[in-house]
J.: 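Dumping the structure here so I can ask a few things about it.
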Amino acid sequence: PFGANEAVRQAAIRGMEKVTAYPDSQCRRLRQKLAETLKIPVEWIIAGNGAADVLFSLELAEKPEKGMILAPAFQEYEQSLRSAGSQVIVWERNPEQGFRLDEEFLVCLEKELKEGLGIVFFCTPDNPSGALIVKDILLQSLKLCEKYYARMVVDESFWEFAFDREAETMLPYIGQFQSLFLLRSFTKMYGIPGLRLGYGLCSDTNLLERMEEVRQPWSVSVPAQAAGIEALTEREEQRVQKIRNKIVEEKMRMEKKMREFGIRFIPTKANFFLLYSESSLFERLLEQGILIRNCENYRGLKKGWYRIAVRTKEENDVLLRALETILSKQ
């Protein structure tokens with residue numbers, strides 16, 4: 001909500017001085033900085049033009065016969081599967097249960113794996129619900145994928161917003177399980193969606209080599225690589241911690257208000273809320289100059305589901321006052 005740090009912006013601007021030359025197609029300095037930060041081998045890292053670019057490269061390299069998504073889900077998972085000619089299997093999660101996964105899901109997953117499922121997508125904190133997937137469910141799913149030689153993708157694009165992020169990340173398991181592929185993004189926490197920068201982590205170096213073969217060359221620009229390197233500095237990490245604390249504080253305040261308003265919402269570990277209202281919130285808020293995400297086009301959601309961002313206190317106050325006005329007139 002606070003935009004890109006000035007140091008990150010300036011790094012991108014300095015990168016503009018070098019745009020007369022092609023960028024490093026292997027993103028060596030950026031990958032080395034990531035390797036040092038994450039304490040993993042540089043060979044396990046692939047960078048891309050946003051997390052979506054990495055996602056589509058993964059699908060083209062794998063070309064699985066069948067892939068599974070957990071609805072509701074980030075729409076690019078399904079889009080990438082279809083682009084590779086894969087059959088899409090959908091596990092619809094129940095909103096009444098907070099979109100949680102349980103033993104029933106694990107039974108279904110193993111059944112599909114036995115029948116040729118090649119890849120399955122998870123997201124934690126989840127998009128669009130913001131909820132964390134229980135670690136035990138992820139680990140049991142990972143063991144099943146490893147057993148049946150399937151790829152398990154865990155999208156951690158909102159990982160930096162989780163207050164207990166070190167306990168929740170699947171990063172410690174990538175060396176142990178070659179089937180695990182982590183997807184991450186600089187877009188969210190670092191506030192640079194316009195630069196397009198994401199990366200993937202996997203110990204299956206053969207897969208990463210195949211991804212390099214099917215992707216377009218020079219996909220990450222010089223300014224994006226420069227901004228990414230600056231975003232990984234210690235001073236930027238200190239800023240990230242402060243932002244995380246502010247967002248947690250605002251989330252707690254917004255939760256309290258929404259409960260007072262009688263709004264149904266999913267408890268979140270990300271920087272947004274998924275909520276449900278019988279009132280036409282999208283249209284009525286738009287009349288007041290406030291744009292929220294209408295989520296009815298997500299597979300597995302229906303009319304009445306919306307997503308709102310946790311922004312600055314001043315912006316959140318504007319939204320909360322508008323919601324109170326709208327809901328008090330029902």
J.: Which atoms form the tightest heavy-atom contact between Ile290 and Ala322, and what is the distance?
T.: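 So the two residues come closest at CD1-CB, 3.7 Å.
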J.: Which atoms form the tightest heavy-atom contact between Ile192 and Ala227, and what is the distance?
T.: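 It is CD1-CB, 4.4 Å.
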J.: State whether the side chain of Arg151 and the backbone N or O of Gly118 hold a donor-acceptor pair below 3.5 Å, judged by distance alone.
T.: no
J.: Is Leu132 reachable from Phe122 through a run of I, L, V, M, F, W or Y residues, each pair having side-chain heavy atoms under 4.5 Å apart?
T.: no
J.: Do other residues, nucleotides or ligands put more than 12 heavy atoms under 6.0 Å from the CZ atom of Arg29?
T.: no
J.: Is Arg235 salt-bridged to Glu230, going by a charged N under 4.0 Å from an acidic O?
T.: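 Answer for the salt bridge query: yes.
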J.: Between Asp102 and Gln97, is there a side-chain heavy-atom distance shorter than 4.5 Å?
T.: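 Answer yes - side chains close enough.
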J.: Would you indicate whether the side-chain heavy atoms of Leu113 and Lys147 approach each other to under 4.5 Å?
T.: no
J.: Return the set of residues passing salt bridge (Lys or Arg N to Asp or Glu O under 4.0 Å) with Lys256 (not counting sequence neighbours), or none when no residue passes.
T.: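 Result, salt bridge (Lys or Arg N to Asp or Glu O under 4.0 Å) vs Lys256: Glu260.
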J.: Is there a donor-acceptor pair under 3.5 Å between the side chain of Arg244 and the backbone N or O of Glu160?
T.: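 Side chain of Arg244 to backbone of Glu160, a donor-acceptor pair under 3.5 Å: yes, one is there.
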J.: Decide, yes or no, whether a salt bridge links Glu96 with Arg264 under the criterion of side-chain N to carboxylate O below 4.0 Å.
T.: yes
J.: With a 4.5 Å cut-off on side-chain heavy atoms, are Leu323 and Leu281 touching?
T.: yes
J.: For the residue pair Glu296 / Asn294, report whether a side-chain donor-acceptor contact shorter than 3.5 Å exists.
T.: yes
J.: When Asn127 is tested against each of Arg307, Lys188, Glu76, Gln75 for side chain to side chain donor-acceptor pair (under 3.5 Å), which residue passes?
T.: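 Only match with Asn127 under side chain to side chain donor-acceptor pair (under 3.5 Å): Arg307.
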J.: Would you call Arg253 and Glu250 a salt bridge, using N to O less than 4.0 angstrom?
T.: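 Counted as a salt bridge, because a side-chain N and a carboxylate O are separated by less than 4.0 Å.
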J.: Is it true that atom CD of Glu249 has more than 12 heavy atoms of other residues, nucleotides or ligands lying nearer than 6.0 Å?
T.: no
J.: Using the rule that two of Ile, Leu, Val, Met, Phe, Trp, Tyr join whenever any of their side-chain heavy atoms come within less than 4.5 Å, decide whether Leu327 and Tyr306 are in one cluster.
T.: yes
J.: Is the positively charged end of Lys251 above the ring of Phe161, judged by distance under 6.0 angstrom from the centroid and angle within 45° of the axis?
T.: no
J.: Do the side chains of Phe121 and Phe181 join up, straight or via other hydrophobic residues, at under 4.5 Å, putting them in one cluster?
T.: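 Phe121 and Phe181: one cluster.
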J.: Is there side-chain contact between Leu117 and Leu109, with at least one heavy-atom pair below 4.5 Å?
T.: yes
J.: Where do Gln241 and Asn245 land on the side-chain hydrogen bond (donor to acceptor under 3.5 Å, both in side chains) test, with the steps shown first?
T.: CA-CA 6 Å; Gln241 183 62 49; Asn245 291 342; 3.2 Å; yes
J.: Please determine whether the number of non-hydrogen atoms from other residues, nucleotides or ligands lying under 6.0 Å from atom CD of Glu283 exceeds 12.
T.: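 It does: Glu283 CD has more than 12 such atoms within range.
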J.: Do you reckon Phe74 sits in the same ILVMFWY cluster as Met170, going by side-chain contacts under 4.5 Å, direct or chained?
T.: no
J.: So, Ser277 and Arg284: side-chain donor and acceptor under 3.5 Å apart, yes or no?
T.: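 Short answer, no.
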J.: Counting N and O atoms only, with roles assigned by atom type, does the side chain of Asn271 sit under 3.5 Å from a partner on the main chain of Val310, one being a donor and the other an acceptor?
T.: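 Flag not set: sc Asn271 to bb Val310 has no pair under 3.5 Å.
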J.: Is a side-chain donor-acceptor pair under 3.5 Å present for Gln10 with Glu6?
T.: yes
J.: Answer yes if Leu207 and Val120 sit in the same cluster of Ile, Leu, Val, Met, Phe, Trp and Tyr residues linked by side chain heavy atoms under 4.5 Å apart, and no otherwise.
T.: no
J.: Any donor and acceptor pair, going by atom type alone, linking the side chain of Ser203 with main-chain N or O of Ile174 inside 3.5 Å?
T.: yes
J.: In the hydrophobic clustering that connects Ile, Leu, Val, Met, Phe, Trp and Tyr at side-chain heavy-atom distances below 4.5 Å, which members other than Trp218 occupy its cluster, ordered by chain and number?
T.: Tyr22
J.: What are the two closest heavy atoms between Leu81 and Met68, and how far apart are they?
T.: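 Looking at all heavy atoms of both residues, the closest pair is CD1-N, 4.5 Å.
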J.: Quick one: hydrophobic cluster around Met16, which other residues, with the 4.5 Å side-chain cut-off, linked directly or via members?
T.: Val19
J.: One pair to check against salt bridge (Lys or Arg N to Asp or Glu O under 4.0 Å): Arg239 and Glu236. What are the steps and the verdict?
T.: CA-CA 5 Å; Arg239 176 178 179 265; Glu236 182 65 7; 3.3 Å; yes
J.: Apart from Leu301 itself, which Ile, Leu, Val, Met, Phe, Trp or Tyr residues share its cluster (side-chain heavy atoms under 4.5 Å, direct or through members)?
T.: Phe99, Ile266, Leu274, Tyr276, Tyr298, Trp305
J.: I'd like to check Ile40 versus Leu171 (side-chain heavy atoms, cut-off strictly below 4.5 Å). Are they in contact?
T.: yes
J.: Indicate yes or no for a side-chain donor-acceptor contact from Glu146 to the backbone of Ser179 under 3.5 Å, with no hydrogens or angles considered.
T.: yes
J.: Among all residues two or more places apart in sequence or in another chain, which pass the salt bridge (Lys or Arg N to Asp or Glu O under 4.0 Å) test with Arg100?
T.: none
J.: Inspect the contact between Glu62 and Arg210 and indicate whether a charged nitrogen and a carboxylate oxygen are less than 4.0 angstrom apart.
T.: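 Salt bridge: yes.
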J.: Measure across Ile133 and Cys123 and return the closest heavy-atom pair with its distance rounded to 0.1 Å.
T.: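 Between these two residues, the closest heavy atoms are CD1-O, 3.4 Å.
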J.: Looking at the rings of Phe158 and Phe272, which for Trp means the six-membered one, are their centres under 6.0 Å apart?
T.: yes
J.: Donor-acceptor pair, Arg31 side chain versus Val42 backbone, under 3.5 Å?
T.: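 The answer is yes, because a donor-acceptor pair under 3.5 Å joins these two groups.
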J.: Looking at every non-hydrogen atom in both residues, tell me the closest pair between Ser185 and Ala51 and how far apart they are.
T.: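 Closest heavy-atom pair between Ser185 and Ala51: CB-CB, 4.1 Å.
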J.: Do the side-chain N and O atoms of Glu168 and Thr124 include a donor-acceptor pair separated by under 3.5 angstrom?
T.: no
J.: Step through the shown structure and confirm whether more than 12 heavy atoms of other residues, nucleotides or ligands are within 6.0 Å of NZ on Lys135.
T.: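 Yes - once you tally the heavy atoms of other residues, nucleotides and ligands closer than 6.0 Å, there are more than 12.
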J.: Under 3.5 Å, is there a donor on one side chain and an acceptor on the other for Glu315 and Thr312?
T.: yes
J.: Of the non-hydrogen atoms in Leu30 and Ala47, which two are nearest, and what is the gap between them?
T.: CD2-CB, 4.2 Å
J.: Counting only pairs under 3.5 Å, give me each side-chain donor-acceptor contact of residues 83-91, with atom names and distances, residues two or more places apart or in other chains.
T.:
residue : atom : partner : partner atom : Å
Ser83   : OG   : Ser80   : O            : 2.6
Ser86   : OG   : Pro64   : O            : 2.5

J.: Any side-chain heavy atom of Gln225 sitting closer than 4.5 Å to one from Leu197?
T.: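 Heavy-atom side-chain distance check fails, nothing below 4.5 Å.
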J.: Would one find more than 12 heavy atoms of other residues, nucleotides or ligands at under 6.0 Å from atom NZ of Lys66?
T.: yes
J.: Verify, without hydrogens or angle tests, whether Asp24 (side chain) and Arg28 (backbone) share a donor-acceptor contact under 3.5 angstrom.
T.: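 Flag set: sc Asp24 to bb Arg28 pair under 3.5 Å.
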J.: Counting C-beta onward and ignoring hydrogens, is there a side-chain heavy-atom pair between Arg93 and Leu101 closer than 4.5 Å?
T.: yes
